[in-house]
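Chain A is the first sequence line, chain B the second, and so forth, proteins listed ahead of strands; every chain is numbered from 1. Values below: all heavy atoms of this structure, side chains included; hydrogens, waters and symmetry mates excluded.
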Amino acid sequence: NAGVTQTPKFQVLKTGQSMTLQCAQDMNHNSMYWYRQDPGMGLRLIYYSASEGTTDKGEVPNGYNVSRLNKREFSLRLESAAPSQTSVYFCASTEGGGSYEQYFGPGTRLTVT
Amino acid sequence: GENVEQHPSTLSVQEGDSAVIKCTYSDSASNYFPWYKQELGKGPQLIIDIRSNVGEKKDQRIAVTLNKTAKHFSLHITETQPEDSAVYFCAASRSSSNTGKLIFGQGTTLQVKP
């Protein structure tokens, strides 16, 4: 089992460019999450998908969109990148249905210049 | 909404000493409290969790305590080792929400000096 995988590992964008961060899990988990990690701010939830076919906003959704492509994959899109979106992005998944341990991917380090 | 405060932001201890990290939460309906460890360049990994029906849980050198009345919980690491050096995050969740959402604290960078 690879667990949770994320691509790319690193990315540099110019202001206004768009990109999609990919996430996939092979644990047959129901719920998936996107977080951003900034120094001194902890992990903040951007969007989540409690089950296949549903998505909901988290604490900091502005400037992002998501797609739950199927049960395995959950992508995060930045339509017009801004320097404030420079961060490390983590995808996570959990089995759901009473099991709460979240499994995290290795992260994507994004820099917007 | 739910808020989780974590202290201290950095902690430096000598190898063999104990380390304590504290968190407070605002939502009295929260009933699940995990702790995650994040090593450099990696994603966070669950190390221990506690539910609101117990006051303390221990796993070898790590333990977590929960005070529901005061709405705070703590991570205790005894006999610290250099490999304990990492960033630690507390989190809180309402299991009844069925979304699995976690609200994280700001993180504590623990340095264990050999």
**Asked** Are side-chain heavy atoms of Q45(B) and Y103(A) found at a separation under 4.5 Å?
**Response** no

**Message:** Return the CD1 to CZ distance between I103(B) and R44(A), rounded to the nearest 0.5 Å.
**Reply:** 11.5 Å

**Item:** Test log, rule side chain to side chain contact (heavy atoms under 4.5 Å, CB included), inputs E59(A) and F104(B)
**Value:** CA-CA 11 Å; E59(A) 301 170 67; F104(B) 284 88; over 6 Å; no

**Request:** Sort Q6(A) into side chain, backbone, both or neither according to what part of it lies under 4.5 angstrom from a heavy atom of chain B.
**Result:** neither

**Message:** Would you say that K42(B) contacts F90(A) through its side chain, given a criterion of any heavy-atom pair below 4.5 Å between the two side chains?
**Reply:** no

**Asked** Non-hydrogen atoms of chain A under 4.5 Å away: do they reach the side chain of Q38(B), the backbone, both or neither?
**Response** side chain

**Prompt:** Under 3.5 Å, side chain of Y33(A) to main-chain N/O of L102(B), donor-acceptor pair present?
**Reply:** no

**Asked** Are there more than 12 heavy atoms of other residues, nucleotides or ligands under 6.0 Å from atom CD of E79(B)?
**Response** no

**Asked** Quick one: does E101(A)'s side chain have a donor or acceptor within less than 3.5 Å of a partner on P34(B)'s backbone?
**Response** no

**Message:** Please classify the contact of L45(A) with chain B as side chain, backbone, both or neither, using a heavy-atom distance under 4.5 Å.
**Reply:** side chain

**Message:** Contact between K101(B) and D56(A) at the side-chain level, heavy atoms closer than 4.5 Å - yes or no?
**Reply:** no

**Item:** Cluster link L46(B) to I48(B), ILVMFWY, side chain under 4.5 Å
**Value:** no

